[in-house]
Amino acid sequence: MDKRAKDLAEAVAPIPDGASVMIGGFGSSGIPFGLIDALLEQGARELTIIANNAGAGETGVAKLLRDGRVAKVVCSYPRSPGSIWFERRFEAREIELEVIPQGTLAERIRAAGGGLGGFLTPTGYGTLLAEGKETRVIDGRGYVMEGPLHADFALLRAEAGDPWGNLSYHGTARNFNPVMAMGARHSIAEVRHLSEAPLEPERVVTPGIFVHSVVEYGVRP
């Protein structure tokens, strides 16, 4: 039951070439920078990255794009201030892109974690995002059928964790991390504080059943 990894390198070691990897975070909040750097060092290539955005500057997801490790990006906001590496790779046709509205992205991941077959949403109805998807009109309003979004791995950032993999988060750094923990087959969490004792039940946001390994990484960018 002890899910502690000895270091970041051990935590990301199982990620192979071609894996799909969810990466938590919103803007610069709640991003597992330590695990991303460890994945860069580990060397996995041809990755599909599922995240809210495609990174900015020279940190986080942008590092993976810079070093040519990414084959496809699935996100809501591929272009944001400083997303130079996404723009360069995409313009050079070196990566694929799938854009998903932000709420739909979160709900598709949540559906994967909950074992659901999909859901109906009005978002995207009548637009290019609905092409090729099942649509319905209910009480005069159009809806698009969206399926669950699974991943092989998830990289998470939490404020606190315990040896059993239970996690709690700091404020808005919570964002996509809890649903990604549920939507991936193998979730890896870096935490600012890793305690020897169990977290108090009232503090637990992500139960350890959804986490495969946890490692302490005290840096908070």
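The shown structure was predicted, so the numbers you read here are calculated from the model rather than taken from an experiment.
A donor-acceptor pair under 3.5 Å is absent between the side-chain atoms of D67 and the main chain of R69, judged by distance alone. Under a 3.5 Å cut-off, the side chain of S29 and the backbone N or O of F26 do not form any donor-acceptor pair. For the pair Q42 (side chain) and V12 (backbone), a donor-acceptor distance under 3.5 Å is present. One N or O on the side chain of S20 and one on the backbone of D152 form a donor-acceptor pair closer than 3.5 Å. At distances below 3.5 Å, at least one donor-acceptor pair connects side-chain atoms of R89 with backbone N or O atoms of L65. Listed for the R185 side chain is a donor-acceptor partner under 3.5 Å among the backbone atoms of A151. Between the side chain of D37 and the main chain of G34, no donor-acceptor pair closer than 3.5 Å is present. Using modelled atom types, one side-chain atom of K3 and one backbone atom of G208 make a donor-acceptor pair closer than 3.5 Å. No side-chain donor-acceptor contact under 3.5 Å links D17 to the backbone of E46. The backbone N or O of A173 sits nowhere less than 3.5 Å from a side-chain atom of R157 that would complete a donor-acceptor pair.
Across all their heavy atoms, P16 and A44 have their closest contact at O-CB, 3.9 Å. The two residues A154 and M180 make their nearest non-hydrogen contact at CB-O, 3.5 Å. G57 approaches A62 most closely through the heavy-atom pair O-CB, 3.4 Å. Considering every non-hydrogen atom in both A11 and L35, the closest pair reads CB-CD2, 4.1 Å. Closest heavy-atom contact between L8 and A38: CB-CB, 3.7 Å. Heavy atoms only, all atoms of each residue included: P78 and F86 are closest at O-CD2, 3.4 Å.
Annotation: E200, atom CD; neighbour count of heavy atoms from other residues, nucleotides and ligands within 6.0 Å does not exceed 12. More than 12 heavy atoms of other residues, nucleotides or ligands lie within 6.0 Å of CZ in R66, so this atom counts as buried by the packing criterion. Within 6.0 Å of atom CG in L116, more than 12 heavy atoms from other residues, nucleotides or ligands are found, so the atom counts as buried in its surroundings. No more than 12 heavy atoms of other residues, nucleotides or ligands sit less than 6.0 Å from atom CZ of R79.
We find the OG1-CZ distance between T121 and R108 to be 11.5 Å, quoted to the nearest 0.5 Å. Atoms NE2 and CD, from H193 and E216 in turn, are 8.0 Å apart once rounded to the nearest 0.5 Å. For the atom pair L39 CG and I49 CD1, the distance stands at 7.0 Å (nearest 0.5 Å). A distance of 8.5 Å separates CG in N177 from CG in L167, rounded to the nearest 0.5 Å. The OG1 atom of T104 lies 11.0 Å from the CD1 atom of I109; values are rounded to the nearest 0.5 Å. For the atom pair CG of L149 and CD of E98, the computed distance is 7.5 Å after rounding to the nearest 0.5 Å.
Linking ILVMFWY residues whenever their side-chain heavy atoms come closer than 4.5 Å, directly or via other members, places I95 and L97 in the same cluster. Note on V179 and V205: same hydrophobic cluster, where clusters join Ile, Leu, Val, Met, Phe, Trp and Tyr whose side-chain heavy atoms are under 4.5 Å apart, directly or indirectly. V204 and W164 fall into different hydrophobic clusters, where Ile, Leu, Val, Met, Phe, Trp and Tyr residues are linked whenever their side-chain heavy atoms come under 4.5 Å apart, directly or through other members. Residue L156 is not grouped with residue L64 when hydrophobic side chains (ILVMFWY) are merged at heavy-atom distances under 4.5 angstrom, including chains of intermediate members. Y125 and Y143 end up in different hydrophobic clusters when Ile, Leu, Val, Met, Phe, Trp and Tyr side chains are linked at under 4.5 Å.
V144 places none of its side-chain heavy atoms less than 4.5 Å from the side chain of T127. No side-chain heavy atom of I31 sits under 4.5 Å from any side-chain heavy atom of T59. For the pair S76 and N52, the minimum side-chain heavy-atom distance is below 4.5 Å. Between L105 and I50 the shortest side-chain heavy-atom distance falls below 4.5 Å. Using a 4.5 Å heavy-atom threshold, the side chains of R136 and M145 count as separate. Side-chain atoms of V214 and L194, non-hydrogen and from C-beta on, do get closer than 4.5 Å to each other. Side-chain atoms of F153 and P14, non-hydrogen and from C-beta on, do get closer than 4.5 Å to each other. Proximity of K63 to W85: side-chain heavy atoms (C-beta onward) are nowhere separated by under 4.5 Å.
Side-chain contact check for Y77 and S83: no donor-acceptor pair (N or O, by modelled atom type) lies under 3.5 Å. S195 and D162 form no side-chain donor-acceptor contact under 3.5 Å, judged by distance and modelled atom types alone.
For the pair R4 and E196, the salt-bridge criterion is met [side-chain N within less than 4.0 Å of a carboxylate O].
By the 30° and 60° cut-offs, the orientation of the rings of H212 relative to H186 is parallel.
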